[in-house]
Amino acid sequence: MSKTVLITNPTLHPKAKETLEELGFQVIIAQDPAEDSLIRLINDNKVIGMFVRIEKITAKIFDSCPSLKIVVENGIGVDNIDVEAATRNQVMVANLSLGALAVAEHTIAFVMALARDLRFDDMSTRAGQWKSFNQPSFNSVQVSGSSLLIAGTGNIGQQVAKKALGLDMNVYGYDPYVSAEKMEKAGLKKVETLEQGLALADFVSVHMPLTESTRKMFSHSQFDKMKNTAFLINVGRGACVDEDALYHALADKKIAGAALDVFEQEPTPADNPLFQLENIILSAHVAGTHKTLMENQAKLGAESIAEAICQEGRYALNIVNKKQLNL
Ligand SMILES: NC(=O)c1ccc[n+]([C@@H]2O[C@H](COP(=O)([O-])OP(=O)(O)OC[C@H]3O[C@@H](n4cnc5c(N)ncnc54)[C@H](O)[C@@H]3O)[C@@H](O)[C@H]2O)c1
């Protein structure tokens with residue numbers, strides 16, 4: 001049996017490689033995540049397992065690489081992996097959910113930074129504009145008593161709710177698949193339609209997975225329905241928000257501001273027009289991790305790949321196509 005694992009992103013914490021090597025695996029790290037280059041690496045080295053971050057693992061990869069048995073995503077969302085093609089080729093696809101709390105904390109950091117206008121304050125203080133509070137551009141607002149709409153009230157959405165309730169926010173949930181009773185238990189008030197929630201929210205936070213029904217769920221007509229004092233936060237998936245429509249909503253002041261951790265294209269191009277705007281805060285798809293977690297997650301992912309390949313004991317993994325593979 002081959003014992004070669006491919007890490008498809010050189011920025012994955014080195015603990016992943018170290019752990020796999022300690023467990024007797026050979027590890028190769030792809031420098032180029034392009035489909036053909038991954039196929040060549042997998043077939044030349046008879047790769048059995050892959051540890052991926054945001055790289056696209058396509059149907060062509062699964063259809064052309066018979067040695068593959070498992071693909072582990074170093075995070076929660078598996079929209080970059082063609083799970084159907086993996087299943088057709090008997091390949092396990094798994095994710096790691098350690099980062100949920102980190103995403104919730106990042107969301108609250110965005111809420112506070114937007115509300116307190118920290119980006120502007122930091123820049124103006126450095127520029128010697130000590131009396132920034134006298135200027136019309138001083139835009140701080142109060143978080144206590146404001147309304148937060150959480151779109152997608154799953155694991156992360158509910159953790160965000162818990163923290164937002166601690167800040168005395170009024171928390172609403174939009175999620176057609178979660179009942180009003182379940183939301184109420186988590187302290188959320190359910191809204192039946194997205195439009196209803198958008199109209200009342202001071203902050204809207206996006207936490208759905210990327211699917212065909214959530215792609216560009218936030219576009220011109222949704223921004224038109226938001227208050228012009230409201231903020232949009234996206235820590236879910238970039239393509240859930242129409243970036244061009246968001247640019248216009250921010251530039252035309254249809255909404256007050258936004259904060260994004262995820263982008264339609266990642267890494268986002270250096271000439272992304274959103275970079276020109278002052279009313280947006282950005283981070284580079286880092287919400288789901290922090291210094292300690294990166295290392296722990298890399299270790300857990302590596303141990304889980306080894307365990308799944310050797311089929312020893314219980315998989316420490318959440319295998320997303322478990323049912324379809326009859327495991
Ligand atoms: N930025 C990051 O670093 C980062 C890290 C981890 C996860 N994520 C993203 O966060 C997403 C959510 O993670 P989770 O663990 O909470 O997942 P989850 O499956 O527990 O929750 C997702 C929720 O979205 C709901 N949903 C699905 N379609 C919807 C729709 N059309 N409208 C409204 N709600 C809908 C589901 O019913 C579910 O309750 C992941 O899929 C991933 O894309 C981002």
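Start at 1 and go down the list; that is how both ligands and their atoms are numbered.
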Hey, does the side chain of [X] reach the backbone of [Y] with a donor-acceptor pair shorter than 3.5 angstrom?
X	Y	answer
Asp242	Ser219	no
Asn89	Ala85	yes
Asn170	Gly145	yes
Thr214	Met217	no

Count the heavy atoms of every other residue, nucleotide or ligand shown that sit under 6.0 Å from NZ of Lys182, and state whether that count exceeds 12.
-> no
[atom]: nearest protein contact (heavy atom, Å):
atom	value
atom 31 (N) of ligand 1	Thr214 CG2, 3.4 Å
atom 3 (O) of ligand 1	Gly288 N, 3.0 Å
atom 21 (O) of ligand 1	Gly154 CA, 3.2 Å
atom 40 (C) of ligand 1	Ile76 CG2, 4.0 Å

Closest to [atom] (judged by heavy-atom distance), picking from [options]:
atom	options	answer
atom 22 (C) of ligand 1	Gly152, Ser213, Pro209, Ala287	Pro209
atom 37 (O) of ligand 1	Ile156, Asn74, Asp175	Asp175
atom 42 (C) of ligand 1	Arg237, Glu212, Arg215, Gln158	Arg237
atom 2 (C) of ligand 1	His207, His106, His285, Lys182	His285

For ligand 1, find out whether one of its N or O atoms is nearer than 3.5 Å to an N or O atom of [X].
X	result
Met208	no
Asp79	no
Val235	yes
Val103	no
Tyr177	no

Cut-off 3.5 Å, side chains only: do Thr153 and His207 have a donor facing an acceptor?
-> no
Looking at ligand 1, would [X] count as a contact under a 4.0 Å heavy-atom criterion?
X	value
Pro176	yes
Gly236	yes
Met217	yes

Below 4.0 angstrom, N of the basic side chain to O of the carboxylate: do [X] and [Y] qualify?
X	Y	answer
Lys185	Glu181	no
Lys56	Asp82	no
Arg40	Asp36	no
Asp224	Lys254	yes
Lys17	Glu21	yes

For Val262, take its heavy atoms, then give the atoms of ligand 1 lying under 4.0 Å from any of them.
->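 Taking each heavy atom of Val262 in turn, ligand 1 has 1 (N) under 4.0 Å.
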Measure from atom 19 (O) of ligand 1 to the protein's non-hydrogen atoms and state whether any distance is below 4.0 Å.
-> no
